[in-house]
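Accompanying notes for the structure given below.
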Amino acid sequence: MKIRDLAIRKKFILSFSLLLFTMLIGGLVVGYLWSQVDEYQQVKSDVAETMMRFDNAQKIEQDFLIFGWKEIDFLEDGKSKFTQQFFNQVEKVEKSLEQKTKSEFVNDKDLANDFSSILISINSYKKSFDDLRKLLFTRGFKDHGLEGEMRSYVHDLQNCESAEEKVFAFSLRRHEKDFALRKDLGYTEKLHDTADQFIEFVKSASPEEFPHMTDRYKTQTIEAIRAYKNHFDNIVQTEIAIGLNEKSGQFLQLNRNKKETEPRISLLYQKINEQNESLRQTASFVIGFTLLILLLTVFALVYYLRKTVSKPIIKLDDIVKKVLAGDSNAGKELMHEGKDEIGSLNRNFSLMLDNLRENLKLIKDKNESLELKAKQDEIRSWNIEGLSHFSDLMKGNNTNLGEFADSIISETVKYLKANQGAFFILKDENEESIMELKACYAFNKKKYIHKKIAKGEGLIGQTWLEGEAIYMTDVPSSYINITSGLGDAPPRSIMILPLKTEQQIVGILEIASFQEFEKHEQELLTELGNRLGSVIESIKMQEKTQKLLEKSQEMTEQMQAQEEEMRQNMEELQATQEEMNRNQKSLNEAINLKDLQINMMNSLLGKVYEGVIFINTNYQIVASNNYLIEDLHYNENDLTGNNPELIFKTSLKKKIEALQNEPNFILTGVSERQEAKIMDKFSNIFDSRFVITKIEHKGEVFHAVLFNKKEAEYGKRVLQHLFQTK
């Protein structure tokens, strides 16, 4: 027992019995009031916990809507870790609210209706989320749900035989993807129109022009188109029910329930806080009244009261002022050990400060989450725009490999805001493959213009050897320098990418920058590398075809010039028989050499396809190979200047016009293999397979048709072409 307590008790017992009674009454009242304050504090803490759990449920809901509904475990049975976490959080909130509505204290303070109202809002929010979950599960993704069912019909349509059908199928797929990306109902009408046009095309297609168009084939194709259209409409209706944006459909209902719930919780928290503060004020008034009686009655207790009551209150007041002034460290010096009213006040005030700081932290975390989402959306948009831009470049520069490489490396360095870049292309020299620098950006071109790298040589050769990308941030100073008008310096990061096809690596892309590449920039470069390989291979094929055509024309011109020269020599050699005999041997050797060259060219073309005809823009035959003379029995007068339908029993003009809109032909320059009837000079009909390619020569456009007879002996003739020279 403390001495000061003993002295005070003696004074109160001996001299101030009435004061003791008053103090007893005041203490009982204050004790009751503070017990009520504690009850309010507990209720307020529960409401704060409810707010926190509700915020957690909203975060889980956002994570689920962003990527959770696309995960396999949800797509298989409509449940996932996100839905379980969400319902767990909501059920805890519901359980807490139900307990509070049954609490005697809550009912005495007229707070039960407020808790019931919040419970109803939480139930509505839970139901809205569950309805949205069911709609997303019905809609599905990739191979699941409605989208998965629709994909099977997409594959059926894409397996159509004619180019016209593939164009329609590609258009349907494009409208479907446009709707999925932009959520615009206008694409639904476009898909319906395209589907109707597709059906009309199939119905009106004649068997003469399209031999595969049997009645059964037409029926199956039309059923597939209608099934695809119906499944797409089901997905559209599901998307509308879900909400094309956050202001429609189930999204709108979910957001509306959230907006109704949050204010109710905040208002309840504010109401409890106000009642609690009112109760605190009442308790403070009782304490002040008791202190006033003590001050008037016992002057000797002034010092004691000042030390034990006044100073702590002044200190608490200073702390409150510091808190109001924004001092984040205020309240840490509060003493919590006291068991009287001041100690309780310090503890409650400290708890209130902790709750306030926690709420501020939650608000800050939520703002940071929103900022992160905005940044992710910006990165996603940047990637999509970049891939679209480079896709346009690939389509527009696909005839000259040098120009294509120069435009790609230049745009890549600019788009990534890098500093240097190099584009290496695979080249075969003397039966040895090397990587040759085809284009560069911001390099010292005198130093690098003829650079060639063997497999395994340096980082470029190592990337070629291993087939894996290399990303360096610790670049040796001796590797490479970036030069500017103010001097040169080593780059901070280097990205080296292999450009692959299904068979091999056809090129290497090297990008250097003063800045480190972000993860999304590396992903863009990787995706670009995956696309460039097939485009490079396509351009190489076109250049090889162009060179073959030019070489064939050059040899034809040489033959004509040599024939004229031979005729002149024959006239001159008629003067003397002796001179003619001497020159006859040399002339025969020259003719044999040219015949050998022509036979070698025909043999080379025969290794690819047996028959070749070249068609100009007027759809007339301008050149052909010996196959049409030897196997189909035509002569040059029959072919040159005539329509190709003399040989092909189908309209090549329509097929060439249809290819101008086919994506695969635009990208590679070579059509898919097709079948048609061909006829020799004696009206014999054969089945054949053919492909069409586009060639530009001296500003003119030609189409080469390469074909074979479709018969059992074809394999034997190909072997003869491979191992024999006529």
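For the numbers below, each heavy atom of this structure counts, side chains included, while hydrogens, waters and symmetry mates do not. What you see is a predicted model, and the numbers here were worked out from it, not measured in a lab.
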Open item on the list: Could you walk me through whether N684 and M679 satisfy the side-chain contact (heavy atoms from CB on, under 4.5 Å) test, starting with their C-alpha distance in whole Å, then the side-chain angles of each, then the deciding distance to 0.1 Å, before giving a yes or no?
Closed with: CA-CA 5 Å; N684 296 316; M679 183 176 71; 6.0 Å; no
Task: Y187 side chain reached by L185 side chain, heavy atoms, under 4.5 Å - done: no
Open item on the list: Under the criterion salt bridge (Lys or Arg N to Asp or Glu O under 4.0 Å), I'd like the reasoning laid out for K229 against D196: C-alpha separation, chi angles, the key distance, then a yes or no.
Closed with: CA-CA 10 Å; K229 178 181 175 183; D196 294 338; 3.4 Å; yes
Task: Whether S534 side chain and R531 backbone form a donor-acceptor pair below 3.5 Å - done: yes
TODO: Apply side-chain contact (heavy atoms from CB on, under 4.5 Å) to K655 and T650, showing your working.
DONE: CA-CA 9 Å; K655 294 185 178 297; T650 186; 3.5 Å; yes
Open item on the list: I'd like to know if the side chain of K540 and the backbone of L426 have a donor-acceptor N/O pair within less than 3.5 Å.
Closed with: yes
Task: Nearest-0.5 Å distance, CG of residue D631 to CG of residue N626 - done: 10.0 Å
Task: Minimum side-chain heavy-atom gap L652-F690 below 4.5 Å - done: yes
Open item on the list: Does the structure place the NZ or CZ of K438 under 6.0 Å from the centre of the six-membered ring of F423, at an angle of no more than 45° from the ring's axis?
Closed with: no
Task: Side-chain donor or acceptor of Q522 paired with backbone N/O of F517 under 3.5 Å - done: yes
TODO: Using the side-chain contact (heavy atoms from CB on, under 4.5 Å) rule, take I511 and I409 through it: C-alpha gap first, then chi angles, then the decisive distance, then the call.
DONE: CA-CA 9 Å; I511 305 296; I409 192 63; 3.6 Å; yes
TODO: Verify whether the ring centers belonging to F210 and F201 lie closer than 6.0 Å.
DONE: yes
Task: Note, I496 side chain near I508 side chain (heavy atom, < 4.5 Å) - done: yes
Check residues 616-623 and write down every donor-acceptor pair under 3.5 Å in which the side-chain atom is one partner and the other belongs to a residue at least two apart or another chain.
from: N616; atom 1: OD1; to: N618; atom 2: N; distance (Å): 3.0
from: N616; atom 1: OD1; to: Y619; atom 2: N; distance (Å): 3.2
from: N616; atom 1: OD1; to: Q620; atom 2: N; distance (Å): 2.9

- [ ] Answer yes if the side chains of T526 and E523 hold a donor-acceptor pair under 3.5 Å, and no otherwise.
- [x] no
Task: Expected output: side-chain E76 to main-chain D73 donor-acceptor under 3.5 Å - done: no
Open item on the list: So that I can tick it off, tell me whether D687 and K677 are bridged by a salt bridge, with the cut-off set at under 4.0 angstrom between side-chain N and carboxylate O.
Closed with: yes
Task: Separation between CD1 of I695 and CG of L549, rounded to the nearest 0.5 Å - done: 4.5 Å
Task: E457 (side chain) donor-acceptor with A454 (main chain) under 3.5 angstrom - done: yes
TODO: Can you label the angle between the Y415 ring and the H389 ring as parallel, tilted or perpendicular, going by 30° and 60°?
DONE: parallel
Open item on the list: Restricting to non-hydrogen atoms, name the atom on G529 and the atom on L499 that form the minimum distance, rounded to 0.1 Å.
Closed with: CA-CD2, 3.5 Å
TODO: Would you check if I425 and E436 make a side-chain contact, meaning some heavy-atom pair closer than 4.5 Å?
DONE: no
TODO: Give the C-alpha distance, both sets of side-chain angles, the deciding distance and a yes or no for side-chain contact (heavy atoms from CB on, under 4.5 Å) between E208 and K649.
DONE: CA-CA 9 Å; E208 292 79 13; K649 301 295 101 182; over 6 Å; no
Open item on the list: Just by distance, no angles: are the side chains of E557 and Q553 close enough, under 3.5 Å, to form a donor-acceptor pair?
Closed with: no
- [ ] Determine, stepwise, if the pair F682 / H633 fulfils ring-ring contact (aromatic ring centres under 6.0 Å, His included).
- [x] CA-CA 8 Å; F682 303 112; H633 312 296; 5.1 Å; yes
Task: Which atom of A676 lies closest to which atom of F648, heavy atoms considered - done: CB-CD2, 4.4 Å
Open item on the list: Quick check: do V202 and Y217 have side-chain heavy atoms less than 4.5 Å from each other?
Closed with: no
TODO: Indicate the atoms forming the closest heavy-atom contact of F665 with L659, along with that distance.
DONE: CD2-O, 3.4 Å
TODO: Over all heavy atoms of both residues, which pair between L497 and L525 is shortest? Give the atoms and the distance, please.
DONE: CD1-O, 3.0 Å
Open item on the list: Salt bridge check, R139 against E239: does any charged N sit closer than 4.0 Å to a carboxylate O?
Closed with: yes
Task: E636 atom CD: more than 12 heavy-atom contacts under 6.0 Å - done: no
Open item on the list: Main chain of D638, side chain of N635: is a donor-acceptor contact present, judged purely on distance under 3.5 Å?
Closed with: yes
TODO: Verify the distance criterion only: is there a donor paired with an acceptor across the side chains of D233 and H192 at less than 3.5 Å?
DONE: yes
Open item on the list: With heavy-atom distances below 4.5 Å as the criterion, would you say the side chains of E71 and W69 are in contact?
Closed with: no
Open item on the list: I'd like to know if the side chain of N383 reaches the main chain of L524, judged simply by a donor and an acceptor atom lying under 3.5 Å from each other, with no hydrogens or angles considered.
Closed with: no
Open item on the list: I need the I692 CD1 to I615 CD1 distance, nearest 0.5 Å.
Closed with: 7.0 Å
Open item on the list: Measuring from atom CD1 of I235 to atom OG1 of T138, what distance do you get when rounded to the nearest 0.5 angstrom?
Closed with: 11.5 Å
- [ ] Give the minimum heavy-atom separation between W464 and M435, together with the two atoms involved.
- [x] CE3-CG, 3.5 Å
- [ ] Please confirm whether the backbone N or O of N234 pairs with a side-chain atom of T238, one donor and one acceptor, at under 3.5 Å?
- [x] yes
Task: Short side-chain donor-acceptor distance under 3.5 Å, E176 and Y228 - done: yes
- [ ] Examine distances only and state if a side-chain atom of D680 and a backbone atom of S683 form a donor-acceptor pair shorter than 3.5 Å.
- [x] yes
Task: Distance in Å, I656 CD1 paired with H703 NE2, rounded so as to fall on 0.5 Å steps - done: 5.0 Å
Open item on the list: Could you check whether any side-chain N or O of S407 sits under 3.5 Å from a backbone N or O of F404, counting only pairs where one atom can act as donor and the other as acceptor?
Closed with: yes
Open item on the list: For L639 versus S624, what's the shortest heavy-atom pair and its separation?
Closed with: CD1-OG, 3.4 Å
- [ ] Side-chain contact test, heavy atoms from C-beta onward, threshold under 4.5 Å: evaluate it for E165 versus T221 and give yes or no.
- [x] yes
Open item on the list: Other residues, nucleotides and ligands only: do more than 12 of their heavy atoms fall within 6.0 Å of CD on E378?
Closed with: no
Task: Rounded distance (nearest 0.5 Å) linking atom OG1 of T188 with atom CD of Q237 - done: 8.5 Å
Open item on the list: Would you say that H212 contacts E675 through its side chain, given a criterion of any heavy-atom pair below 4.5 Å between the two side chains?
Closed with: no
